[in-house]
Amino acid sequence: MRKSVPITAAALALLAGAATFASLPSRDAAAQSSEVYINAVELVIVPSEMPKFLEAIKENAANAVKEPGCREFNVSVLANRPNHVFLYEVYDNEAALNTHRATEHFKKYQATTASMVADRNVRAMTPIAFNSKGR
């Protein structure tokens with residue numbers, strides 16, 4: 001004798017979703033981190049040059065995000081040291097960053113700001129998790 005067990009549509013959908021998810025290839029953190037290339041840049045700007053620097057970096061950043069391989073280009077300053085600038089750039093890969101560095105707008109930015117930058121620290125970073133909230 002068979003007993004019939006009632007299953008709701010929601011339970012079926014949950015089971016189907018779990019089965020689909022289980023059949024997807026496994027992706028560990030290392031595999032996920034190779035999907036993008038992060039360029040983090042800390043700059044110390046000569047205080048008297050800050051207005052001109054900000055104009056140049058905003059132009060460079062606005063043009064960079066129009067490039068096919070650039071996902072983000074964020075410009076921030078330290079709250080307690082406004083001449084300390086932090087750039088957070090996200091590219092599809094390192095080749096996309098190198099392509100950015102070969103653009104005319106980047107070359108213009110470099111030439112314009114060369115004497116404005118007192119110190120520069122550039123770091124390649126590997127993402128562990130990206131979390132954001134829709135705006």
Nearest-0.5 Å distance, OH of residue Y91 to CG of residue N98: 10.0 Å
Closest approach of C70 to A64 (non-hydrogen atoms, all atoms of both residues): CB-O, 3.1 Å
Residue pair K58 / V75, side-chain heavy-atom distance below 4.5 Å: no
ILVMFWY network linking V46 to Y109, side-chain heavy atoms under 4.5 angstrom: no
pair E104-K107: side-chain heavy atoms closer than 4.5 Å: yes
Side-chain donor/acceptor of N83 to backbone N/O of V44, under 3.5 Å: no
Nearest-0.5 Å distance, CG of residue L54 to CD of residue E49: 11.5 Å
Side chain to side chain contact (heavy atoms under 4.5 Å, CB included) between H105 and E67, intermediate numbers included: CA-CA 11 Å; H105 63 87; E67 298 167 24; 2.8 Å; yes
Pairwise side-chain contact, V122 with N39, heavy-atom cut-off 4.5 Å (strictly under): yes
Side chain to side chain contact (heavy atoms under 4.5 Å, CB included) assessment of I45 paired with V117: CA-CA 5 Å; I45 309 304; V117 178; 4.0 Å; yes
E55 CD: over 12 foreign heavy atoms closer than 6.0 Å: no
Nearest-0.5 Å distance that lies between atom CE in M50 and atom CE in M116: 11.0 Å
Check: F106 main-chain N/O paired with T103 side-chain donor or acceptor under 3.5 Å: yes
Euclidean distance, E89 CD relative to E72 CD, rounded to 0.5 Å: 10.5 Å
Distance, nearest 0.5 Å, that separates CG of L43 from CG of D119: 8.5 Å
Stepwise side chain to side chain contact (heavy atoms under 4.5 Å, CB included) test for T113 and I57: CA-CA 9 Å; T113 63; I57 191 60; over 6 Å; no
Flag side-chain contact, heavy atom, 4.5 Å: F86 against L78: no
Heavy-atom donor-acceptor pair, N60 side chain to A56 backbone, under 3.5 Å: no
